[in-house]
**Q** 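Submitted below is the structure of interest, expressed as structure tokens.
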Amino acid sequence: EPGCDKLSSVAVIGAGAAGLCAARHIQSRLNIFAPPVVFELTENVGGTWCYDERVGMYDNGHPIHSSMYRNLRTNLPKEVMMFPDFPFESQLSSFLPHQEVQRYLERYCESHNIRPHIRFNTVVETVKPVVVTMEDEETRTTRTTWEVTSSDSSGCQKTETFDSVFVCSGHYSDPNVPDIPGIENFKGKVLHSHSYRYAEPFSGQSVVVLGAKASGLDISIELAKVGAQVTLSHSRPPLTVPLLPGIRQSSPVVAVDKSGCIRFQDGSVSSADTLMFCTGYNFRYPFLDSAQLSLEIQDHVVSPLYRFLMPPAFPSLFFIGICKMIAPSPTSTIQFALAVLDGSVTLPPRVQMEEEVHREQQEKIERGVEQRHLMLMEQEQWEYCHTLAGIAGFPPLPPTIRSLYEEVEPFRRRSLRTFCSLGQQQGAPLSPVRK
Ligand code: FAD
């Protein structure tokens, strides 16, 4: 366990897809690494895929983690979502109900014997770097270790030291709620999609849904199916996907007036029973002190992260799966991180890493990328993964993952989930790639 012999010790925060994958790859290098210590806030593996009907807080006062809703189906095919070395069961269709992803992650956990290394119901409270400087007459070297303080379900607190930390705590848990002037005047119910589970309680209601990306569209359709009148408010060009009769589109919500009515950008006004924010999630790492790590952590950007993975000042702290709009398997970044730790990849000096991150960000900003989209990767992801594999010497992602991802992308952009649910309702084929 931590610090044993001369093996390198790793703390993994979270037992969702990323944490399980990190643990699996550490387990396969037990000649270099000590068995991983995985801290998990809940009593289950699976992270966001572990559906939890509760909303609000757990008994221990921490916010409920999972944002899963009861009828969610994946919007990527299982062949893209899988860890490349661990296929889903072949008889399953390509687009899965969330329960199947959860079952898959449980199977992965058992197959790689990860469970004994997970400390369930244990929350990481702080992660602090401890920098030790060693000097002799000629040389001066520094070494960073990490003090990880966690508390278990009985409230018992423990601080342990590790050589490195993998942050696998997820990025879809902390609701992003835009500031709407006058929202305090709204007399109905206000909630974020993070706390939405199923549509029945909204039957017969008028609901204004803010945001028309995957969950906004998906939830609007669920609501319309149970007879809610949905106003889908968004700033995108009018959607051309077929929507159900109970859904109308509108411009963005700009305010709530004194009488409690919702005001839209085009000047129209409407009353509603519920205002539902489908406005995405923030980055949130309550256990890190950003100033101490020389990091800027904002709602949508963590910077600087060399190769979207580690702070140049502390290259033994790894943020796994932080980029958006990418194929989900974190295998490449985890393998790269482990290659940094085992010495098979030599990093440039800190200043050079910082300059490189800065230069890449500047280039994006000059191309017109908004600051809050600096961690969206999209097309860049393939070259990124290829580069990591080339430098660290592990096999690149199979090309079929890219081709399948690109094949479903047009449907995904128009919300594949919408497409699926309409298809199911009208008896049409679900998608061209569904088996
Ligand atoms: P998570 O699954 O969030 O796991 C993080 C884990 O860390 C949790 O178990 C949590 O309890 C634990 N944790 C957090 N903080 C602490 C702490 N301080 N101490 C200890 N433990 C902690 N991806 C797809 O590929 N296809 C889809 O169709 C898809 N649909 C999605 C739908 C929804 C509604 C959401 C929210 C996400 C969806 N995603 C989808 C993205 C999905 O989140 C990722 O695919 C992936 O599961 C993320 O895994 P993760 O391990 O990074 O994070």
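Position 1 is the first residue of the sequence, and the numbers go up from there.
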**Q** Are more than 12 heavy atoms, taken from residues, nucleotides or ligands other than K128, located less than 6.0 Å from that residue's NZ atom?
**A** no
**Q** Can a side-chain donor-acceptor contact be found between Q102 and E100 if the only test is distance below 3.5 angstrom?
**A** no
**Q** Do the side chains of R115 and E110 get close enough for a salt bridge, i.e. N-O under 4.0 angstrom?
**A** yes
**Q** Could you pull out the closest heavy-atom pair between K364 and F308, with the gap in Å?
**A** NZ-CZ, 3.8 Å
**Q** Going through the checks in order, is the side-chain contact (heavy atoms from CB on, under 4.5 Å) test met by V38 and F166?
**A** CA-CA 9 Å; V38 184; F166 279 56; over 6 Å; no
**Q** Once rounded to the nearest 0.5 Å, what's the spacing between atom CD of Q249 and atom OG1 of T240?
**A** 8.5 Å
**Q** Identify the two heavy atoms, one from D52 and one from R54, that lie closest to each other, and give their separation to 0.1 Å.
**A** OD2-NH2, 2.9 Å
**Q** Does any donor atom in the side chain of E222 or Y69 lie under 3.5 Å from an acceptor atom in the other side chain?
**A** no
**Q** Does any donor atom in the side chain of E79 or S94 lie under 3.5 Å from an acceptor atom in the other side chain?
**A** yes
**Q** Does any part of the side chain of L217, heavy atoms only, come nearer than 4.5 Å to the side chain of V209, both counted from C-beta?
**A** no
**Q** Have W146 and S316 got a donor and an acceptor in their side chains that come within less than 3.5 Å?
**A** yes
**Q** Determine yes or no for a side-chain-to-main-chain donor-acceptor pair under 3.5 angstrom, with Y198 supplying the side chain and P201 the backbone.
**A** no
**Q** With a distance cut-off below 6.0 Å to the six-membered ring centre and an angular limit of 45° from the axis, does R73 pair with F95 as a cation-pi contact?
**A** no
**Q** Would you mind checking if E406 and R402 are paired as a salt bridge, meaning a charged N to carboxylate O distance below 4.0 Å?
**A** yes
**Q** Classify the ring geometry between Y104 and F88 as parallel (under 30°), tilted (30 to 60°) or perpendicular (over 60°).
**A** parallel
**Q** Examine H192 together with Y281 and report whether their ring centres are nearer than 6.0 Å.
**A** yes
**Q** Just by distance, do the side chain of S150 and the backbone of V124 share a donor-acceptor pair under 3.5 Å?
**A** no
**Q** Around E296, counting heavy atoms of other residues, nucleotides and ligands shown, do more than 12 lie under 6.0 Å from its CD?
**A** no
**Q** Under a 3.5 Å threshold, yes or no: a donor from one side chain and an acceptor from the other, between T42 and N44?
**A** no
**Q** Looking at CE of M81 and CG of L76, how far apart are the two atoms once the value is rounded to the nearest 0.5 Å?
**A** 6.5 Å
**Q** For atom NZ of K187, is the number of surrounding heavy atoms from other residues, nucleotides or ligands below 6.0 Å larger than 12?
**A** yes
**Q** Between Q157 and S151, what is the shortest heavy-atom contact and its length?
**A** CG-CB, 4.0 Å
**Q** Tell me whether the guanidinium CZ or amine NZ of K324 lies under 6.0 angstrom from the six-membered ring centre of F283 and within 45° of its axis.
**A** yes
**Q** Checking side-chain hydrogen bond (donor to acceptor under 3.5 Å, both in side chains) for the pair Y405/E407: CA distance, chi angles, key distance, verdict?
**A** CA-CA 5 Å; Y405 184 92; E407 191 170 335; over 6 Å; no
**Q** Under 3.5 Å, is there a donor-acceptor pair between the S206 and Q229 side chains?
**A** no
**Q** Would you check if there is a donor-acceptor pair between the side chains of S9 and D163 at a distance under 3.5 Å?
**A** yes
**Q** Which pair of non-hydrogen atoms, one from G19 and one from C168, has the smallest distance, and what is that distance?
**A** N-CB, 3.5 Å
**Q** Are the aromatic ring centres of F86 and H112 under 6.0 angstrom apart?
**A** yes
**Q** Is any side-chain heavy atom of R263 closer than 4.5 Å to one of V253?
**A** no
**Q** Could you tell me whether a side-chain N or O of Q335 sits under 3.5 Å from a main-chain N or O of F394, the two making a donor and an acceptor?
**A** no
**Q** Search all heavy atoms of V165 against all heavy atoms of V148 and return the closest pair with its distance.
**A** CG2-CG2, 4.1 Å
**Q** Rounded to the nearest 0.5 Å, what's the gap from CG on D342 to CZ on F33? Could you check?
**A** 5.0 Å
**Q** Would you call the rings of F287 and Y285 parallel, tilted or perpendicular if under 30° counts as parallel and over 60° as perpendicular?
**A** perpendicular
**Q** Cut-off 3.5 Å, side chains only: do T126 and T149 have a donor facing an acceptor?
**A** yes
**Q** Tell me the closest heavy-atom pair linking S67 and H194, and the distance in Å.
**A** OG-ND1, 2.8 Å
**Q** Report the distance from atom NE2 of H98 to atom SG of C50, rounding to the nearest 0.5 Å.
**A** 10.0 Å
**Q** Give, for atom CZ of F319 and atom CG of L309, the distance between the pair rounded to the nearest 0.5 Å.
**A** 9.5 Å
**Q** Considering residues, nucleotides and ligands other than D59, do more than 12 of their heavy atoms fall under 6.0 Å from its CG?
**A** no
**Q** Would you say the side-chain atoms of S303 and Q361 include a donor-acceptor pair closer than 3.5 Å?
**A** yes
**Q** I'd like to know if R307 pairs up with E360 as an ion pair, taking the criterion as any Lys NZ or Arg NE/NH1/NH2 lying under 4.0 Å from an Asp or Glu carboxylate oxygen.
**A** no
**Q** If you define the side chain from C-beta out and look only at heavy atoms, does anything of N31 sit under 4.5 Å from L7?
**A** no
**Q** Has H62 got more than 12 heavy atoms of other residues, nucleotides or ligands less than 6.0 Å from its NE2?
**A** yes
**Q** Checking T274 against Q205: is there a side-chain donor and acceptor pair closer than 3.5 Å?
**A** yes
**Q** Once you round to the nearest 0.5 Å, how far does CD1 of I180 lie from CG of L275?
**A** 6.5 Å
**Q** Between the side chains of S329 and T331, does any donor sit under 3.5 Å from an acceptor?
**A** yes
**Q** Does CD belonging to E383 count more than 12 external heavy atoms closer than 6.0 Å?
**A** no
**Q** Evaluate the side-chain proximity of L317 to S164: yes if any heavy-atom separation is below 4.5 Å, no if none is.
**A** no
